Amino acid sequence: EPLVVGEPMGFWRGNMPERMLLRSGTDWHLDADCIDTFEAFLLERGVDPTRVSPIPLQTFLDYTDWFCEEKQIQPRPSFVTHLDVADGLFIASLDDGQRLIADAVVAAPGIARFAVIPEWVPASLPNYRWTHTCELVRFDELSGARILIVGGRQSAFEWAALLAEAGAASIYVVHRHDPPSFEASDWEFVNELIDNTIRIPGWFRRLPAAEREGISQRFWAEGRLKLEPWLTPRLPEHVVQRRSRTAVASCRESTSGKIDVTLSSGEQLMVDHVVLATGYHPHHSVPGIIW
């Protein structure tokens, strides 16, 4: 018997901007039985799934609420504060004072706790002068501001688009790698991988290292080297300026109240705020728990 505790979709509701768009299509869904799918949700509401692209964040959240109702999942709004193991069982202590005993634990805590913060950022700037994308979900206060975005993947350019639409005066997107391409990703190759996972448990880890690496690189190429083409018209060149193959050499708050930035190219910028689109890196490892 599964019991869900916590705040399902909490990261999506609290750490993503309202106007964010999903990279996935309507064929990606939550139901392993392929019954209560995203497409089924849309069709029930008289919406043609082929006409929902890209998918607004709120539309997908509405689907997740519907999915919980269809599957009769009633999450318990409590959080686990401590987890013990005794006699082969897990004992979870909750913040409401209750305890639960379980045979297995699946931890799905979201990625907000794993935000990557480069060491030079808190060492160079006070906390109020920088924000990681997972904490920047409203942009009104940055209207008219000059922004430095560190990073060059999807979140960097999508936040650049959202900031530009919110009235930011200028946005500099700085990243160390080559410029990404703005084209649709091809995820057809994933279907065969999923079929193999269902039919042959453990097939992936038994592959030769070279084949596993090849699959990993394919995911990287489709998911990281390509960015969504619908971003391009939302990145006005007179506002969003790109600095590829470039890093931040130094950064400090000046006496004038601005942030002085020197890039590895020698270029100097003066900005009002730094946005970190530096991704996430899980760093917790607990034996016996599936993350």
Side-chain angles (χ1 to χ4, degrees), residues 15-17 20-24 54 111-112 114-125 129-136 142 146-165 168 170-187 189-190 209-210 212-252 259-271 273-283:
N15 299 88
M16 293 186 179
M20 186 175 178
L21 302 172
L22 274 61
R23 302 193 67 186
S24 54
I111 59 176
F114 305 132
V116 173
I117 309 297
E119 292 182 1
W120 61 264
V121 177
S124 305
L125 297 172
R129 301 311 299 257
W130 59 272
T131 317
H132 192 278
T133 52
C134 72
E135 298 294 339
L136 181 60
L142 295 176
R146 292 168 291 184
I147 310 295
L148 170 68
I149 296 181
V150 180
R153 304 299 183 190
Q154 179 72 19
S155 61
F157 284 98
E158 186 157 11
W159 261 248
L162 291 167
L163 284 163
E165 291 163 357
S170 58
I171 302 166
Y172 302 93
V173 182
V174 176
H175 54 83
R176 294 174 294 183
H177 52 77
D178 292 339
S181 63
F182 291 82
E183 59 179 304
S185 298
D186 179 9
W187 296 108
F189 75 98
V190 177
R212 292 200 306 270
E213 179 62 20
I215 293 173
S216 297
Q217 288 301 316
R218 182 73 184 275
F219 273 100
W220 176 268
E222 296 297 332
R224 299 281 283 166
L225 301 185
K226 296 179 181 179
L227 306 185
E228 297 303 314
W230 42 258
L231 276 175
T232 305
R234 299 170 57 195
L235 299 169
E237 293 184 2
H238 68 283
V239 176
V240 181
Q241 303 179 42
R242 311 176 192 184
R243 301 292 189 270
S244 303
R245 308 182 190 91
T246 307
V248 174
S250 67
C251 186
R252 65 181 181 86
I259 302 173
D260 292 331
V261 181
T262 301
L263 303 181
S264 56
S265 62
E267 181 181 5
Q268 294 186 323
L269 306 174
M270 182 177 289
V271 300
H273 199 77
V274 174
V275 175
L276 303 177
T278 43
Y280 305 86
H281 187 270
H283 50 78

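Since the structure is predicted, the reported quantities are computational estimates derived from the model, not experimental observations. Below, each value reflects all heavy atoms present in this structure, side chains not excepted, and no hydrogens, waters or symmetry copies.
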In terms of heavy-atom contacts, Ser244 and His175 come closest through OG-CE1, 3.2 Å
Within the 4.5 Å heavy-atom criterion, are Leu136 and Leu142 side-chain neighbours or not? yes
d(Met270 CE, Arg146 CZ) to nearest 0.5 Å is 6.5 Å
Going by the salt bridge (charged side-chain N to carboxylate O under 4.0 Å, His left out) test, which pairs reach into residues 171-186, not counting sequence neighbours? Asp178-Arg245
What one should report as the nearest heavy-atom pair of Ser155 and Ala277 is OG-CB, 3.6 Å
Exercise: identify the closest heavy-atom pair between Pro54 and Leu21: CG-CD1, 3.5 Å
Quick check against the 3.5 Å criterion: does Arg23 have a side-chain atom that pairs as donor or acceptor with the backbone of Gly223? yes
With a 4.5 Å limit on heavy-atom distance, are the side chains of Leu276 and Val150 in contact? yes
Are Leu162 and Arg234 packed together at the side-chain level, in the sense that at least one heavy-atom pair is separated by less than 4.5 angstrom? yes
Residues in salt bridge (charged side-chain N to carboxylate O under 4.0 Å, His left out) contact with Arg212, at least two apart in sequence or another chain: none
Okay, side chain of Trp159, backbone of Ile149: is any donor-acceptor separation there less than 3.5 Å? no
To the nearest 0.5 Å, what is the distance between CZ on Phe157 and CG on Leu231? 8.5 Å
Checking side-chain contact (heavy atoms from CB on, under 4.5 Å) for the pair Glu135/Asn15: CA distance, chi angles, key distance, verdict? CA-CA 6 Å; Glu135 298 294 339; Asn15 299 88; 3.8 Å; yes
By ring-ring contact (aromatic ring centres under 6.0 Å, His included), His273 pairs with (sequence neighbours left out) none
Given side-chain contact (heavy atoms from CB on, under 4.5 Å), test His177 with Arg153 step by step and report yes or no. CA-CA 10 Å; His177 52 77; Arg153 304 299 183 190; 3.6 Å; yes
How close do Pro180 and Gly152 get, counting heavy atoms only, and between which atoms? CG-O, 3.6 Å
Interatomic distance, CD1@Ile147 vs CG@Leu269, rounded to 0.5 Å, equals 12.0 Å
Minimum heavy-atom distance between Val173 and Ala160, given as atom pair plus value: CG2-CB, 4.1 Å
When rounded to the nearest 0.5 Å, the distance separating SG of Cys134 from CD1 of Ile111 is 7.5 Å
Rounded distance (nearest 0.5 Å) linking atom CG of Leu148 with atom CH2 of Trp130: 13.5 Å
From CA spacing to verdict: side-chain contact (heavy atoms from CB on, under 4.5 Å), Arg252, Ser124: CA-CA 5 Å; Arg252 65 181 181 86; Ser124 305; 5.6 Å; no
Can Thr246 and Tyr172 be said to form a side-chain contact (heavy atoms from CB on, under 4.5 Å), step by step? CA-CA 11 Å; Thr246 307; Tyr172 302 93; over 6 Å; no
Would you check if Thr278 and His132 make a side-chain contact, meaning some heavy-atom pair closer than 4.5 Å? yes
Parallel, tilted or perpendicular: rings of Trp187 and Phe219 (30°, 60°): tilted
Of the non-hydrogen atoms in Phe182 and Pro229, which two are nearest, and what is the gap between them? O-CB, 3.9 Å
Any donor-acceptor N/O pair, Gln268 side chain to Asp260 backbone, under 3.5 Å: no
From CZ (Arg224) to CD (Gln154), nearest 0.5 Å: 10.0 Å
